[in-house]
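Working notes for the structure below.
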Amino acid sequence: MSSLAHILSGVVAAAFEAEGLSTAFGVVRVSDRPDLAQFQCNGALAAAKSAGKNPREVAQAIVVRLKENQDFSRIEIAGPGFINLDITDETLSRYLSETAGDGRWGVPTIISGETIVLDYGGPNIAKPMHVGHLRASIIGDSLRRICLFAGYRTLGDVHLGDWGLPMGQILAELETRYPEWPYFDDAYRGPYPAESPVTMDDLEEIYPAASQACKLDEGRMERARLATRDLQNGRAGYRALWEHFINVSVAGMQANFRALGVHFDLWKGEASVHELIAPMIEDLREKGLARESDGALVVEVGEESDKKEFPPLILTKRDGAVMYGTTDLATIVERVRDYNPFRIIYVVDQRQFLHFEQVFRAARLGGIVSNPETLVHAGFGTMNGPDGKPFKTRVGGVMKLEDLITGGIDKALARLNEAELAADMDEKERQEVARKVAVAALKFADLQNNRLSDYIFDLDRMTSFEGKTGPYLLYQAVRIQSLLRKADLPEGGNSALRDPQKAGISLSSADRPLALLLAEFPDHFDAALRNYTPHILCDYAFRLAQEFSSFYGNCHILSEKNNDVRAGRLALCELTLGRLLLVLDLLGIEIPARM
Ligand code: ARG
């Protein structure tokens, strides 16, 4: 199964083929003028040249063939040779019945069993998560869900930032403050304390102090560099202390991700691939790709077609410490070895474009990936504050993710009160509904933008129950749910859906637009999957909710006297809800049972 337009394309393509023309001309699209036709095919214009006829003549020949098909209720040639098509209600309702029931709503399953690794989140040890990590997590988790639904095996990896200079900066700062700690005593042999000497709150104070000290004092910076190198080389005390940083940081991250409903399959980080780095560098040397430059080891990744000079990827610095690009390259070695992925998708700030281009080029040069299409950087734009500059707290600091979520929940509670929703709930249930409304607001506000665009964070707007927002969609879904509950349908849903032969879905001009929109779903899913663009699904969900609203306003549903018509309309409610719930799930948005 696929979308209705796709199925009709098959029919029209056969007509072109029968005329001795390429099937590629048969593409049928949903009409961009729904007032004139439901579907259109513009292939006759393109085919005219190879057919040696004028476009209207080609269209005429196609139309004659299409008239034999019972699926169409109206076939017309418009303008220079556009073919406008309407389908019968039977065809439409048969399609809808056939795509109900298996939970895929017409989306075909990819059964290749191929694996997609998604790298998103990317929070850094010892630093609070901020809004940049919010975008990475939300978009990445949605893409994971989309790939999974398509039929791929997916692995979401958080890829912690745990191996760079910040680690050495914190170690140097702690060594300055607490030289007596056993972690800094090279003669110490005993086991290190099991309890972390620092909490996450401590680290949030220590890291900025450490980084500031390095900026002001070159001597301190040098010590931080050495500490980084020694950590990477396995100095026991540093490693033990560093593991404490990881544990306390990860606990905090997990709480944030849990609140957001963002899932990871793998909790690896830059450090996970440490053992792979030396052999990788050796291999790159043998292949003649790694060379010394000013004491550093680099891979030249410039290409002929570059307009300006392309900076080399630095593998190791003069002091031997490895870089961000080195761990990313080694992580590709690891992922290829362990998962043989069809794709590795990096959901990371677009400002890291150059970094990924360097890493990807090095991976291709070094033969680490054989297919250049394996590596994809799905970048995203910046989340800005009302002033159009990167989002900050009121006093100008970095906005912590945790505070953002809490602020969202407070706002959602206020919105629920305003709309007199959730009024009869106990405190616990209302809190849970508020959390779901807040998460829906945050996620939808982020995902509805084209990934690469910047957008302005506006808590007031995104939590509104009106307009193109997450809460609006939740509200619509909950409303359909409760309507269906009241309809008291038989177990397993509507009979009009279960037995299309007998019942079918009866349609009228008031509900046909909704039915047609339902039939579009697979195409939107496909576009979102192929371009890594969840915003396409956001658009679809919003259009669906709006179309449902007009249907709901214009048609009797529960109060409809004619039983066939009533069953048909209830079926449309079920079909709308099914797709809406699926799309929300693909966006990572949970809906409350009631509101
Ligand atoms: N930790 C990085 C940051 O905060 C993001 C990591 C992205 N993933 C990657 N494989 N480089 O900017």
Side-chain angles (χ1 to χ4, degrees), residues 116-141 143-144 154-170 203-204 207-208 211 228 242 245-246 249-250 252-253 256-257 262 264-274 276-277 280 301 313-315 322-336 338-339 341 343-363 368-369 374-383 390-391 398-402 404 451 532:
I116 296 186
V117 175
L118 296 108
D119 182 313
Y120 54 91
N124 300 311
I125 295 303
K127 294 195 219 172
M129 285 172 69
H130 57 72
V131 296
H133 299 119
L134 180 73
R135 293 216 72 189
S137 314
I138 290 178
I139 301 170
D141 193 47
L143 291 177
R144 179 185 64 81
T154 55
L155 290 170
D157 185 0
V158 69
H159 199 76
L160 301 171
D162 58 3
W163 211 223
L165 183 63
M167 299 298 107
Q169 291 177 315
I170 298 170
L203 287 174
E204 285 180 18
Y207 175 69
S211 129
T228 311
W242 169 83
F245 304 163
I246 304 268
S249 299
V250 165
M253 292 168 189
N256 276 324
F257 288 131
V262 167
F264 295 97
D265 303 286
L266 301 172
W267 278 83
K268 298 196 172 191
E270 296 163 352
S272 315
V273 296
H274 184 64
L276 295 174
I277 289 177
M280 174 184 80
V301 290
L313 178 82
I314 303 176
L315 293 172
V322 304
M323 309 281 288
Y324 183 40
T326 327
T327 51
D328 258 331
L329 196 58
T331 305
I332 300 176
V333 173
E334 187 201 35
R335 288 173 178 164
V336 168
D338 293 352
Y339 315 120
R343 290 262 185 285
I344 305 176
I345 303 172
Y346 295 84
V347 185
V348 184
D349 197 316
Q350 184 61 12
R351 288 171 292 185
Q352 294 191 26
F353 164 80
L354 187 69
H355 165 77
F356 284 106
E357 188 56 27
Q358 288 176 312
V359 171
F360 292 179
R361 286 183 181 194
I368 297 171
V369 291
T374 306
L375 302 171
V376 174
H377 176 202
F380 53 81
T382 314
M383 182 166 129
F391 195 67
V398 176
M399 181 56 128
K400 284 185 2 185
L401 189 52
E402 204 182 322
L404 202 75
R451 255 197 292 113
Y532 317 111

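By convention here, the first residue in the shown sequence is residue 1. Order of appearance sets the numbers: ligands from 1, and atoms from 1 within every ligand. Computed from a predicted model, the values in this text were never measured in an experiment.
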Query raised in the report: Is the ring centre of His355 less than 6.0 Å from the ring centre of Tyr324?
Result: yes
Query - Student check: side-chain heavy atoms of Phe391 and Leu404 closer than 4.5 Å - result: yes
Query - Distance in Å, Arg335 CZ paired with Ile368 CD1, rounded so as to fall on 0.5 Å steps - result: 13.0 Å
Report task. Can you label the angle between the Phe360 ring and the Tyr346 ring as parallel, tilted or perpendicular, going by 30° and 60°? Result -> tilted
Query - Interatomic spacing from CG in Leu118 to CG in Leu266 - rounded to 0.5 Å - result: 10.5 Å
**Report entry** Set of residues that line ligand 1, where lining means a heavy atom lies under 4.0 Å from it
**Finding:** Asp119, Gly122, Asn124, His133, His159, Tyr324, Asp328, Tyr346, Val348, Gln352, Phe356
Requested in this report: Indicate the atoms forming the closest heavy-atom contact of Asp162 with Ala271, along with that distance.
Outcome: OD1-N, 2.8 Å
